[in-house]
Amino acid sequence: MPKEGITPRATDYSQWYLDIVRNADLADYAEVVRGCIVFKPTGYALWEAIQRGLDDRIKATGHVNAYFPLLIPKSLLMKEADHVEGFAPEVAEVTRAGGEDLAEPYVIRPTSETIIGYFYAKWVRSWRDLPLLINQWANVMRWELRTRPFLRTTEFLWQEGHTVHADEEDAERETLMILNEVYADFAEKEMAIPVIKGLKTEKEKFAGALRTYALEAMMQDGRALQSGTSHNMGENFARAFNITYTDQNNTVRYACTTSWGVSSRLIGALIMTHSDDEGLVVPPRIAPTQVVVVPIYKSDSEQSTVLEAIERMTGDWKGRLRFRIDDRDNVTPGFKFNEWELKGIPLRVEIGPRDVEKSSVAVARRDIPGKAGKHIVPQDGLTDYLVGLLETIQQGLFDRALRFREEHTRDVTTYAELSEAVEQGFARCYWDGTTEDEQRIQDEMKATIRVIPFDQPDRAGGVCSPVEKRPVRSSLPEPTNPNLYWSGWRPAGIRPKPVHARVRPGRPPSRGLRPPGWHPHRTPEAGQCQRRCECRSR
RNA sequence: CGGGGUGUGGCGCAGCCCGGUAGCGCACCUGCUUUGGGAGCAGGGGGUCGUGGGUUCAAAUCCCUCCGCCCCGACCA
């Protein structure tokens with residue numbers, strides 16, 4: 001039975017998500033700061049758990065943490081041309097401080113490649129300085145047109161790693177290692193979110209990167225959510241920021257850089273992967289609280305008897321279980337059952353006079369909502385039982401999410417099949433590798449290439465292009481990138497919309513609103529276009 | 001930006017057409033009875049009716065202005 005105040009997923013998935021966020025008390029809208037949210041204590045606790053899991057892995061793979069400034073001189077941001085083009089529309093500027101206009105405006109970081117690049121140029125001298133492996137935990141700001149709690153907000157929290165390597169091969173190794181051993185491992189083992197690892201297309205890659213790799217997860221509406229990215233910048237940023245080193249042969253060379261990040265969007269992924277119509281579901285390993293104990297009593301004497309029993313019962317829990325005892329006296333047990341279910345605590349232990357007498361407890365597991373997930377167990381050996389049950393739940397959640405994804409993924413060989421499949425979830429198909437086809441699919445069926453997966457199934461199924469119907473092309477090239485995943489093209493219900501020009505006077509127009517002839521390389525700050533690009537046609 | 005909707009205690013809404021100084025549910029506070037799946041009764045506190053202006057003896061209500069938010073269109077690093 002759905003909880004009060006929660007729209008069932010089948011009715012309106014988007015509203016369901018918002019209801020979960022609100023009812024589980026994860027976040028509040030920062031209504032006075034458009035597009036921002038307040039991470040409330042329960043929501044922030046999830047972020048802290050994510051931070052812990054990632055930070056451990058980042059450090060275990062040889063990185064150290066540091067912190068760079070929030071403000072970036074605008075000229076620095078402008079240095080890498082593709083990067084500028086990618087970010088210009090969503091950057092917020094500080095033009096006035098200390099009571100006067102600044103000689104040069106600052107931008108509030110949308111990401112830190114540029115300011116970190118500036119310092120790396122100073123710090124890197126010799127091949128002995130490499131690799132340089134630094135991570136920072138930070139907030140960033142991107143002026144998004146349409147926001148949703150955790151999934152896309154104007155300000156968000158993330159971790160951004162920035163590394164410098166002697167050559168592209170080493171940078172590539174780093175980029176892939178982070179994706180596999182840090183991000184995917186964390187997502188699957190701790191958050192129980194199955195992910196597809198792969199390469200982004202040219203069209204979808206990070207502005208200024210050579211290659212972008214990403215994790216894609218399937219939400220319960222069948223749509224993809226990008227849940228982590230890792231970029232190999234090659235020499236692009238090193239050239240823009242002059243990050244050079246002297247190699248063993250006394251030759252000065254450009255270094256290669258990488259950057260990689262995951263954000264508080266993961267909280268959104270967590271919600272949309274596991275939760276149900278009863279509320280939030282949090283996998284045990286990531287859960288700030290794993291077990292909640294609800295005492296049941298009528299009289300004062302029963303109350304003290306039960307609370308004493310709880311004291312004894314939880315004596316050896318510390319260090320093995322993260323738990324809390326809900327001894328509030330102003331709400332009924334039934335209310336507590338519903339509330340903790342809503343908040344996604346993996347296990348609930350109920351204990352009343354009858355249990356004290358029989359030395360038992362009632363254990364309810366959140367992954368099976370309602371009374372169906374409740375059973376009576378002896379207090380004897382309870383701690384081991386609970387620890388084991390948490391692991392069972394953890395694995396069960398992962399298996400359930402994986403099964404869901406597999407049930408909503410189809411291999412397709414024709415255009416019609418592709419068109420149908422992307423309505424339900426992911427489709428896997430061949431692609432001839434052209435942006436032209438990619439764009440056409442996007443235009444015609446609102447689907448995007450999420451990723452070219454590392455895991456390539458046997459190609460015995462045949463070679464087909466979903467756009468084989470294209471009339472002009474007589475023979476399709478042998479696909480170089482077979483088996484792509486497509487999905488409902490917009491990430492999990494996010495629909496950007498153009499913003500009124502008045503909102504940010506002087507701001508570069510967002511894509512789609514650019515007047516004819518507009519080009520980022522030709523903004524007043526950048527002067528004439530310095531690059532050999534399509535814009536010279538104008 | 002184009003089209004549509006909406007703004008009233010913390011939240012969700014009614015009242016507006018037909019002007020007379022604001023009401024309901026939830027939440028909150030107090031007390032008593034309750035407590036194994038969202039307790040009951042009684043009492044109580046809380047609102048510049050988005051903003052500015054106009055009409056009127058009198059405006060939540062009628063007229064104009066501006067602002068916010070939501071939905072659809074336009075499609076993302």
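These numbers were taken from a predicted model, which means no experiment stands behind them. Every chain is numbered from 1, with letters handed out A, B, ... down the list of sequences.
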Do we see a donor-acceptor contact under 3.5 Å between the side chains of A:Asp25 and A:Thr42?
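Distance-only check fails for A:Asp25 and A:Thr42.
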Separation of A:Tyr13 atom OH from B:C71 atom C1', in whole Å?
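Rounded to whole Å, this separation is 20 Å.
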Quickly work out the A:Lys371 NZ to B:G36 C1' distance and round it to whole Å.
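To the nearest whole Å, that distance equals 8 Å.
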Could you check whether any side-chain heavy atom of A:Val377 comes within less than 4.5 Å of a side-chain heavy atom of A:Val361, counting everything from C-beta outward?
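When only atoms from C-beta onward are counted, A:Val361 and A:Val377 do touch, with a gap below 4.5 Å.
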For nucleotides [N] and [M], find the distance between their [atom1] atoms and express it as a whole number of Å.
N     : M     : atom1 : value
B:U48 : B:A60 : C1'   : 12 Å
B:U34 : B:A42 : C1'   : 15 Å
B:U8  : B:G12 : C1'   : 12 Å

Look through every strand shown and name the nucleotide pairing with B:G36 as Watson-Crick or G-U wobble, where both distances are under 3.5 Å.
none
Donor/acceptor link under 3.5 angstrom from A:Lys374 side chain onto base of B:G37:
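Present.
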Ignoring hydrogens and angles, does a donor from either the side chain of A:Glu339 or the base of B:G38 sit under 3.5 Å from an acceptor on the other?
no
Using modelled atom types and a 3.5 Å cut-off, is there a donor and acceptor pairing between side-chain atoms of A:Lys200 and backbone atoms of A:Arg450?
yes
Kindly point out which of B:G37, B:U35, B:G36 is positioned nearest to the side chain of A:Lys298?
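Shortest atom-to-atom distance from the side chain points to B:U35.
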Is the phosphate of B:G38, meaning OP1 or OP2, less than 4.0 Å from a side-chain N or O of A:Thr332?
no
Would you kindly compare A:Phe206 and A:Ile376 by the position of their nearest RNA chain B nucleotide and give the one closer to the 5′ end?
A:Ile376
Identify the residue among A:Phe39, A:Phe156, A:Tyr44 that makes a ring pair (Phe, Tyr, Trp, His ring centres under 6.0 Å) with A:Phe150.
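When ring pair (Phe, Tyr, Trp, His ring centres under 6.0 Å) is applied between A:Phe150 and each of A:Phe39, A:Phe156, A:Tyr44, only A:Phe39 qualifies.
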